[in-house]
Amino acid sequence: MNLGPFISVWDDPFKHGEVFVLDDSGEVDLDLGNYERFLDVTLTRDNNITTGKTYQSVLDKEGIGEYLRKAIQEVPHINAIKTWIESISLIPVDGKESPADIYVIELGGIVGDN
């Protein structure tokens with residue numbers, strides 16, 4: 001899994017100068033593609049999380065009334081990253097029916113990015 005600090009909902013791997021297309025047509029940066037090949041697993045676009053995707057999921061929940069019109073706050077409402085990691089880590093990626101024994105998470109960011 002790759003967690004990026006980008007506010008955009010869709011990651012822009014072209015910004016990094018490289019792109020890897022997953023089996024589900026998800027475009028991710030080459031790091032995630034290298035992990036997929038090296039570990040011999042099949043990843044999906046859901047294995048790539050951006051800050052924007054996290055905020056979008058919170059706003060979607062607000063739109064359907066999940067927060068009962070209360071003010072949304074970082075704590076406790078924005079636990080979407082934890083929830084996302086927990087749910088994605090349960091999806092088999094190696095052709096077996098059980099979740100992986102170990103889950104690798106890259107916390108992204110670019111030094112000097114502007």
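Remark: T42 OG1 to D24 CG distance equals 10.0 Å, nearest 0.5 Å. Rounding to the nearest 0.5 Å places CG of L22 at 8.0 Å from CG of N48. One distance of note links CD of E36 with OG1 of T44; it measures 9.5 Å at 0.5 Å rounding. A distance of 12.0 Å separates CD in E62 from OG in S57, rounded to the nearest 0.5 Å. Atoms CG and CD1, on L107 and I81 in that order, are 9.0 Å from each other to the nearest 0.5 Å. Interatomic distance, OH of Y35 versus CE of M1, reported as 13.0 Å (0.5 Å rounding).
Contact annotation: the side chain of D29 never approaches that of V19 to less than 4.5 Å [non-hydrogen atoms, C-beta and beyond]. E106 is listed as a side-chain neighbour of D31, based on a closest heavy-atom distance under 4.5 Å.
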Cut-off 3.5 Å, no hydrogens considered: what does the side-chain donor-acceptor table look like for residues 90-103, sequence neighbours left out?
| from | atom 1 | to | atom 2 | distance (Å) |
| --- | --- | --- | --- | --- |
| D94 | OD1 | K96 | N | 3.2 |
| Y103 | OH | N47 | ND2 | 2.6 |

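Although no hydrogens or angles enter the test, the distance criterion places no donor-acceptor pair under 3.5 Å between the side chain of S25 and the main chain of V21. Of the possible polar contacts, none joining the W84 side chain to the K53 backbone as a donor-acceptor pair under 3.5 Å is found.
A donor atom on one side chain and an acceptor atom on the other are found under 3.5 Å apart for N34 and R37.
Taking a 6.0 Å sphere around OH of Y55, one finds it holds 12 or fewer heavy atoms contributed by other residues, nucleotides or ligands.
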